[in-house]
Amino acid sequence: MTGLVAGAVAALTLTACTGSAQDAENENNGDDTPVAAAGSNDEAGDSVTIGFSAPAADHGWMAAITNNVKALEDEYPDVDLRIAEGTNDVNLQISQVETFINDGVDAIVLLPFDGAAMTPIALKAMEAGIVVVNVDREFDDPNAARVTVLGDNYGMGVSAGQYVCEQADGNEDAIVAEIAGIDSLPLTQDRSQGFADALAECGLDVDARQAAEFTVESGEEVAANLLQAEPKIDFLWNHDDDQGVGVLAAIENAGRDEFVMVGGAGSANAMREIQDGSGVLKATVIYPSTQGADGVKLARLVLQGKAMSDLVEVEVPRTVQLYAPVVTSENVDQYIDSAFES
């Protein structure tokens, strides 16, 4: 398809500038702890302290964000990683950042519960000389962060729409349904816009659309209503694999199997369904749960005066947007080991 860009891709390949994996293995001398090749970005540098704060892990994807950050604790001996307890209370998250500022951390990696509400305290941290990395939900002032790490919500919609177009194979009469997330959120609006734009490229549009709330319960309720209202569907895109657990339950209860379903976010549950191949779910679109961990790695690079070694640029970019690939039975093995559990 032409006319659409599914998302900017910045490869977070923190690989060696010199040396090799074999060099690192030879230097290991029997120690099970991985040893970075000389000159690589993973080689120990100046000791740095990085604070991390994110919303509560009340959703599979959000839990994976924090778990992926925690997995870095033993990877970098030069990083003192301080992880605040996840919270959906904006005032408490502001207090967490204030504590980081008062403690004199070197960097703060922040996935805000509310980007606009967290902007003033992020600006305060930057003004105090602390490197701020904004993850996923953007601040409303670009000066509030040195680096911003984003998923590609519009690109998710584009990827889902392009997959539907490929499967429709020129059938402009195909009936397309959509179960969105929370409609008031910009991320949902971006996903729906990308989906509509991609479908328009092949002469399709969304014939039926309802919004859920990113929960299993809302997914099941909304899907049941949609299935009752629509006696025939050819393709269904569900924005979120956590709410997709409920969507799939509603589909099974309704005894419907005439359509192809596409998921969103990229949960392990969804990928196992895709591997099995016997149900309606044939694909999902990834929204990376590595963003927090990527943010910590980028904060470390900035603090240590390093760059993304596969780039010619000698500084870490201001914005890194991760790609939204489609996972199908053909490539699911490539992604399932790093997927999150709904």
Side-chain angles (χ1 to χ4, degrees), residues 55-65 88 113 136-137 151 153 156-157 159-161 163-164 175-196 206-289 324 326-328 332 336 339-342:
D58 55 4
H59 180 278
W61 183 87
M62 192 63 75
I65 283 282
N88 293 339
F113 180 73
D136 187 49
R137 301 174 185 177
N153 287 296
M156 278 186 72
S159 292
Y163 177 79
V164 168
I175 297 171
V176 181
E178 177 183 4
I179 297 179
I182 300 171
D183 255 344
S184 62
L185 296 179
L187 68 90
T188 298
Q189 297 161 16
D190 289 345
R191 291 178 187 185
S192 288
Q193 188 62 59
F195 190 51
V206 176
D207 299 286
R209 182 185 185 280
Q210 294 198 28
E213 298 177 357
F214 292 131
T215 65
V216 173
E217 295 77 15
S218 68
E220 184 169 5
E221 179 181 355
V222 165
N225 293 337
L226 185 144
L227 293 169
Q228 187 173 13
E230 302 296 329
K232 184 178 185 304
I233 297 171
D234 294 302
F235 299 97
L236 169 65
W237 182 40
N238 166 59
H239 285 207
D240 178 77
D241 286 337
D242 277 331
Q243 75 183 22
V245 174
V247 172
L248 287 170
I251 292 169
E252 183 176 357
N253 290 338
R256 300 282 291 271
D257 63 0
E258 81 278 7
F259 54 83
V260 169
M261 176 175 164
V262 183
S267 76
N269 311 56
M271 292 189 198
R272 286 191 291 269
E273 288 277 342
I274 292 167
Q275 281 182 322
D276 179 75
S278 62
V280 296
L281 185 61
K282 302 301 184 185
T284 188
V285 183
I286 288 187
Y287 191 75
S289 60
V326 176
V327 178
T328 68
V332 64
I336 193 166
F340 65 91
E341 294 289 344
S342 291

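This is a predicted model, so every value here is computed, not measured. All values below were derived from every heavy atom in this structure, side-chain atoms included, with hydrogens, water molecules and symmetry-related copies excluded.
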Report task. Can you tell me which residue pairs pass the salt bridge (charged side-chain N to carboxylate O under 4.0 Å, His left out) test with a partner in residues 262-279, sequence neighbours excluded? Result -> Arg272-Glu341
Query raised in the report: So which pairs with a foot in residues 259-268 pass salt bridge (charged side-chain N to carboxylate O under 4.0 Å, His left out), sequence neighbours left out?
Result: none
Query raised in the report: Glu252: what forms a side chain to side chain donor-acceptor pair (under 3.5 Å) with it, not counting sequence neighbours?
Result: none
Has [X] got a side-chain atom pairing as donor or acceptor with [Y]'s backbone, closer than 3.5 angstrom?
| X | Y | value |
| --- | --- | --- |
| Trp237 | Gly263 | yes |
| Lys282 | Val262 | no |
| Glu230 | Val176 | no |

Residue pair [X] / [Y]: nearest heavy atoms and the distance that separates them:
| X | Y | answer |
| --- | --- | --- |
| Thr188 | Arg209 | CG2-NH2, 4.0 Å |
| Phe340 | Gly60 | CD1-C, 3.4 Å |
| Ser192 | His239 | OG-CE1, 3.3 Å |
| Leu226 | Glu178 | CD1-O, 4.0 Å |
| Val285 | Ala324 | CG1-O, 3.7 Å |
| Val222 | Ala211 | CG2-O, 3.4 Å |

**Report entry** Flag if over 12 foreign heavy atoms under 6.0 Å of CD, Gln210
**Finding:** yes
Query raised in the report: What do you reckon, is CD of Gln228 surrounded by more than 12 foreign heavy atoms closer than 6.0 Å?
Result: no
[X] [atom1] to [Y] [atom2] distance, which is reported to the nearest 0.5 Å:
| X | Y | atom1 | atom2 | value |
| --- | --- | --- | --- | --- |
| Thr328 | Gln275 | OG1 | CD | 11.0 Å |
| Ile274 | Leu281 | CD1 | CG | 4.5 Å |
| Leu227 | Ile179 | CG | CD1 | 6.5 Å |
| Arg191 | Ser159 | CZ | OG | 11.5 Å |
| Gln189 | Asn153 | CD | CG | 10.5 Å |

**Report entry** Positive for side-chain hydrogen bond (donor to acceptor under 3.5 Å, both in side chains) with Ser342, one of Asp242, Asp240, Asp241
**Finding:** Asp242
Requested in this report: With sequence neighbours excluded, tell me which residues meet ring pair (Phe, Tyr, Trp, His ring centres under 6.0 Å) with Phe235.
Outcome: none
Report summary line: Of Ile233, Asp257, Leu236, Asn238, the one forming a side chain to side chain contact (heavy atoms under 4.5 Å, CB included) with Ile251 is Leu236
Query raised in the report: Restricting to pairs with a member in residues 267-289, which pass ring pair (Phe, Tyr, Trp, His ring centres under 6.0 Å), not counting sequence neighbours?
Result: Trp61-Tyr287
Requested in this report: Please list, chain by chain and in numerical order, all residues satisfying side chain to side chain contact (heavy atoms under 4.5 Å, CB included) with Ile175, sequence neighbours excluded.
Outcome: Asp207, Lys232, Asp234
